[in-house]
Structure formats: structure tokens, C-alpha cells
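Just so you know, these numbers use all the heavy atoms, side chains as well, and skip hydrogens, waters and symmetry mates. In the text below, chain A, chain B and the rest are named by the order of the sequence lines, each starting its count at 1. Keep in mind that what you see is a predicted model, and the values were worked out from it rather than measured.
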Protein chains: 2
Amino acid sequence: MSKVTIYDVAKRAGVSTATVSKVLNGTGRVGKETIARVERAVEELQYRPNLLASALKKKRTFTLGLLVPDVVNPFASLLIRAIEEVALSYNYSVLACSTDNKQEREEKLVDTLLSKRFDGIIIASSEFSSESAIQQLQRQDVRAVFVDRVVTDSPYPVFATDHYLGSYLVTEHLIQLGHRKLAVFLEPLYLRSSLERLRGFSAALEAYGIAQNSFQVYSGGFGADAGYALAQQILQREDLPTAIVATTDLIAVGVLQKLHEVGIVVPRDMSLVGYDDIPLAGMAAPPLTTVAQPVIEMSKLVVAALLSEEAQEITTTLLPPKLVVRNSTAAPESYVVAERE
Amino acid sequence: MSKVTIYDVAKRAGVSTATVSKVLNGTGRVGKETIARVERAVEELQYRPNLLASALKKKRTFTLGLLVPDVVNPFASLLIRAIEEVALSYNYSVLACSTDNKQEREEKLVDTLLSKRFDGIIIASSEFSSESAIQQLQRQDVRAVFVDRVVTDSPYPVFATDHYLGSYLVTEHLIQLGHRKLAVFLEPLYLRSSLERLRGFSAALEAYGIAQNSFQVYSGGFGADAGYALAQQILQREDLPTAIVATTDLIAVGVLQKLHEVGIVVPRDMSLVGYDDIPLAGMAAPPLTTVAQPVIEMSKLVVAALLSEEAQEITTTLLPPKLVVRNSTAAPESYVVAERE
DNA sequence: TTGTAAGCGTTATCAT
DNA sequence: ATGATAACGCTTACAA
């Protein structure tokens, strides 16, 4: 630990600690000359204020806690980075933790964050376990917000992408390309975000008067493994869809891998879209058509909400996603052929 | 901020704060009954000790700082997660920051971490800017370690994968498959890790008596973009190599994309290997042969080194990488076959 | 076994 | 414009 304290600086500058504190914080009036002396002492001593002591007194740690399912998840990384950037502009740091969607773990982490007295907590973890976490938070009074997880009756502000809309847009894109036989691959259905995505998918079909069959929806786990497995499953069918809406880029990549294995070429033989627009999406072969979440915008709102002086309004803010068209989508072959005739 | 303090607990339990502290920390002798009373009070009041105050007194924050180039980079994520896990087992949190390999930014971040009095700082950022960061650290006395970046004359322990060996292994794998015309794609050459990888590549060729030409080595930026560009560059050549050693999975993915575009099939027409074994490597089409870094093992050593009671030994520890053979490599004969039209 | 009280390094109030 | 000094919430000798 750094041994030099505000006392050392005060002594060296020949002033009181109060004065040093004032120049350091720019509070109160201090003579120009005094300021210079203090600053020189700080420099000479390589003094770094102890933020622990400062925080204890000021009740501000300049740190935000962030809960995500897994920092390794590309979308989580994207979110972490965006929040980190915005926080930095406020002179804040952010400590991100992986909950693994495990309730016990989440509770333990919330406990820690609470003890460390962070100035705000951002929950971007699954809504699955948030129930108890919410209770924990409410008993202490910390600012908190939920991100990208629609949670009903939340006592905290919620910021999320309009997944219904995103899903609608990307499905519509496929339909406009001529697809009529679509399937949707979802993350587990207990996630509200999955349901929203499903709703958007379904609404798009409805809007264009396309018949809907329940067997068009597939749902498994998370990640590429899930996509791979789901693809394997759908390949058993006699009548394959001409396009697949994967509601996660990771799932899409898994699908891509399976299709590649069995020699189905995307988008020639089948179209495929993802969701999230993680960096990987642009690097897939072929680059994935997907929907981008407004991560930066969302992060700005989130941090601002946490750090604002005013009382928090408990509202849900839905942000608009953006369709990103790349090369994994094309008109279905039959469609093209039909046009020619 | 939580209003309940140790005083409230003491009052409620009818004991002194000293006693409460003792039962909370398990230090000193306290009567069984008293313990029960205190614990009940803690529970009823939902008391969470203020770790700021505690840290101020004990000089331990139970938090580690971690500097990586970019949390979005998949390998960085892997490292962050591994360190997070190990730290958690010690009841520690880790705050990861992205330096963007920018010196100014790195210095600012180190400053912040220093002020927050973290118990240790892990530098996994580029050696490029570490010079000044090291100086900053040394003036304060914090524990620190370097990870995955070989830095000469480091005043701190360094833990890194033996990139020379990893590169050697994967190159040898290619040679044993029958490849004789190899190229290597590297990250910028001012990175010692790049040089080590190059050395391993070269040594393998040497060991097998394969002629080496300078134009076999290509070096550009980081990430898939770089790989894509490098691939584009090499495709201009008349005599293509039969295998490419990309010293990063991300670079390999970029290469894959370019090759895919021009219709070169991996590994039939050309073999390709990556490095790092990020999750993406296994999901590429085809899944990438690569070399895995012992991230978990490394993280264990790193955290242990930071948290150990004993004086730090300033040594460099090189950990062995592991060759992971998947489907992006094959004997070059097929390439010849493909040539005959 | 339990309590008193002096810090830990800041900031902020109130004098001067 | 500057300085004493009392907190902030906890830990830890040292007493009792």
C-alpha cells in the first residue's frame, strides 16, 4: 500500500490537510500560490488519494457493479465494453461478474457488490434468478437497473432492446425475400426475451398472411452447441424450411456449422439470420444477416440513470434494434425459379 | 447506501461493536450465546459490513485489478473469466479494464486502480505501453504481475504461455502432415509474443530442414480484419503455400473468410491453423486446429502469486501450451489433386 | 468473554 | 484564505 497520505502532502506543502483536500477536490477557496505548492508536493510525493477513505466519507465509490451471465459470451462482452466506456467518461470503473445464471451465485455476488458499496448495480443477467436478487437489493438502498431483461414489476428502471421489433424486422426481411417456410430457433422459453422474439416472428408471419405451424419453433439451450443440436433436429424433417431465424448469433453459428457439415449451402440452399450482431457475425462464412442491439445508446442511458442526481423513475425503456443485412440471406431457390416461369 | 452499521447490530444484540466485529470475522473468543445473538441481529437488520471501512482499516480490499487490451477480445474474455473464477475462490472480485493498447489510457487506468487500493494488479495488456505503467506501479508499493506478456527486466513476476513452443508444435504438426511450403501470419512484430511465435515457426522449419524465405512471414494488425487483409495479400503470389500458420485464432478466422470467398477449401486446398483456442475456433467452418493456452493453470498461479503472504519472487514462469487438432489441417496431397483440372 | 477507545485516510463544518 | 476537528464504519490492542 502506498504509504504517503494527505498528511504527508500537507506537511510538505506547509498547509493543513483541509487545504490539500480542497485543492484536490476543487472545493472551497484556496490561494493561487497555495494551490501551486500543494500540487508540487503531490507531484513530488507521487501522492494518490486513498479512494477508500474518500468513499467512506463521501459515500461514493466511483465504481459500478455489473452482473452478466458470462463475460465470455460475446454479447456480454460487447455490453461490458460499452458500459465501461460510458462509465469511464464519468470517471467511473465497472466491475463485471459472471453469474452463470445460477441463483445462488448471483446472490453471493450481489452480496459482495453491496458490501463494497458500489454506487450502482447493473443487472444484465437472466431474469430467471432476479427475483431474490431484487429482494436483496431492495433491502439495502442501492441504485440499480435492469438491462436487456424485461422484468415485470421491477422496482428499478429497465432498459432493453425491443426484441419483438427486432425479430419482426428480420423475419419480415426474409418474407420480403420470398420465403414462406420459416422456422425459428430460440433460447429457452422461460426467458422473456425469447418469448418476445417469438412474438415478433409470429407477428411478421401473421402480417403477411403466412400459415403458422407449431413445429416451426425450436428451442434449446444457449450458444452454438444449442444451434448445432437444433439444426440437427430440424434436418430430420421431410420438408425443410427455406429460412431459419436464429434468435442469437451464437445459435446461428451453430446452425451454420451443422448445415455446412451436411452440405447445405447458405444462403443458396437455405437462408439464415442471427441476432445481436456480435463481432463474430460479420466474420462467419457467410457473414450473417442479423439484428444489432443499440448497445452504446443503451449503456449511456443505463449509466446516466444510475448516476443521475434525481430520483429514479421506475420505467421501462425499449430501444429500437437495427436490421443488418449481410450475406446469409437470399431469395429461396424455388421462389426464384417460380418467378422465372 | 445501506444505513445499518455495526453499531446498530451491536445495539440490537446488546453487545459492543468489538464483539460484533469479532463474531463477524471469527477472531477472538466470543461466547456461543453471544454469537447467536449477534447473528440474529445481523439477519434481522440485513446488515452488510461496509467493506470500505473494513478495507481502510485492514488494508485489504478483496479486489484485484486486471488490465487487458480489450474485454471484447475473445482470448481476453477467456482470461478474465478464468481469473474471476480463481479469485472468487479466494473471495476476491476482479475489476477488468480495457487499455486499447493506448499508453495514456493505460496510465490513467493504473492510476485509478492504485487509488482504489486494490490488493493486486494483473497486467495482461500489451508490453508496448508497460514501461511507464511499471514505473507508476513501482513508486507505490502494490503487488503486480504480468500475464501472457513477456517483458524483460520486469520488477514483477511474469506468467506466460511458452509461445515459442506452441508455435513450434503447431508448425511441426503441419510439417508432419507433409507440408513443405508454409507461411506464418503474425500480429505486429513489436510484440514479443509475436516474435516468440515466429521463432517457434522458424525453428520447426529448421529442425525439419525446410528452406526458409523471408516472404513467408506476413504481419499486420490484430483481429480478423488483419487476417483477411493478410490473406488477400498472400493470394497475389504465384506460388501459394500449402499451409498457413496464423498466430491468433482471430487472424485465422479472417483468413478463413477470405479463402472461402475465393473458393479455396480448407483443408482440402490449403491447411490453416490458429492459436489461442478461443471458443470460436471450435465453431469455425471447418473447426480450427489450434494451440490452447493453459489459461486456468495460469490464472491459478497469477492469483496465488498476488495473494501469497510471502515476498514475491521475481521470476518468469513459462507454461506449456497444448496442440488441439481439429479439421482445418490435412495432408497437402489433396491440394495437388485439386490442381489438376 | 466482553468492552473501551484509538486509529485507518479522507472530507466537511465551523471557526479564525 | 486557511486550519482544527469531528465524523465516515470498521478493526484491534489493551483493559476490565
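Nucleotide D/dA13 holds its C1' atom 16 Å from the CZ atom of B/R29, rounded to whole Å. For A/R48 and C/dT10, the CZ to P distance is 13 Å, given to the nearest whole Å. Straight-line distance from the CG atom of B/L114 to the P atom of C/dG9: 15 Å, rounded to whole Å. Atom CZ in B/R117 sits about 9 Å away from atom P in C/dG9, given to the nearest Å. Rounded to a whole Å, the CD1 atom of B/I6 is 11 Å from the P atom of D/dT12. Computed from coordinates, the B/L24 CG to D/dC10 P distance equals 9 Å when rounded to whole Å. Counting to the nearest Å, the C1' atom of D/dT2 and the CD atom of A/E33 are 14 Å from each other.
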| Heavy-atom protein contacts under 4.0 Å, nucleotides 3-8 of chain C, coded B base, S sugar-phosphate only, - none | BB--BB
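The side chain of B/Y47 has D/dC10 as its nearest neighbour among D/dT11, C/dT11, D/dC10. Which of D/dC10, C/dT11, D/dT2 sits closest to the side chain of A/K58 comes down to C/dT11.
Within residues 35-42 of chain A, no residue has any heavy atom closer than 4.0 Å to DNA chain D.
Under the 3.5 Å distance criterion, with hydrogens and angles disregarded, a donor-acceptor pair is assigned to the side chains of B/R81 and A/S98. Side-chain contact check for A/Y92 and A/D119: at least one donor-acceptor pair (N or O, by modelled atom type) lies under 3.5 Å.
A salt bridge is absent between B/E106 and B/K102; no separation between the charged side-chain nitrogens and carboxylate oxygens falls under 4.0 Å. Salt-bridge formation is detected for the pair A/R105/B/E84: a Lys NZ or Arg NE/NH1/NH2 atom is positioned less than 4.0 Å from an Asp or Glu carboxylate oxygen.
Distance check: B/T61 OG1 to B/L52 CG gives 10.0 Å after rounding to the nearest 0.5 Å.
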| request: Would you check, one step at a time, whether the test side chain to side chain donor-acceptor pair (under 3.5 Å) holds for B/N25 with B/S21? | output: CA-CA 6 Å; B/N25 296 287; B/S21 177; 3.3 Å; yes
| message | Determine whether A/K116 and B/T63 satisfy the following criterion, side chain to side chain donor-acceptor pair (under 3.5 Å), listing intermediate values before the conclusion. | response | CA-CA 10 Å; A/K116 294 192 176 172; B/T63 309; 2.9 Å; yes
| message | Show, in sequence, the C-alpha distance, side-chain angles and deciding distance for B/S132 and B/Q103, and conclude whether the side chain to side chain contact (heavy atoms under 4.5 Å, CB included) test is met. | response | CA-CA 8 Å; B/S132 55; B/Q103 173 157 351; 3.1 Å; yes
For residues 26-41 of chain A, run the donor-acceptor check on the side chains, cut-off 3.5 Å, and write out each pair with its distance to 0.1 Å, sequence neighbours left out.
residue : atom : partner : partner atom : Å
A/R37   : NE   : A/A13   : O            : 2.9
A/R37   : NH2  : A/A13   : O            : 3.3
A/R40   : NH1  : A/E44   : OE2          : 3.0

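Using a 4.0 Å heavy-atom distance criterion, A/S54 is classed as a sugar-phosphate-only contact.
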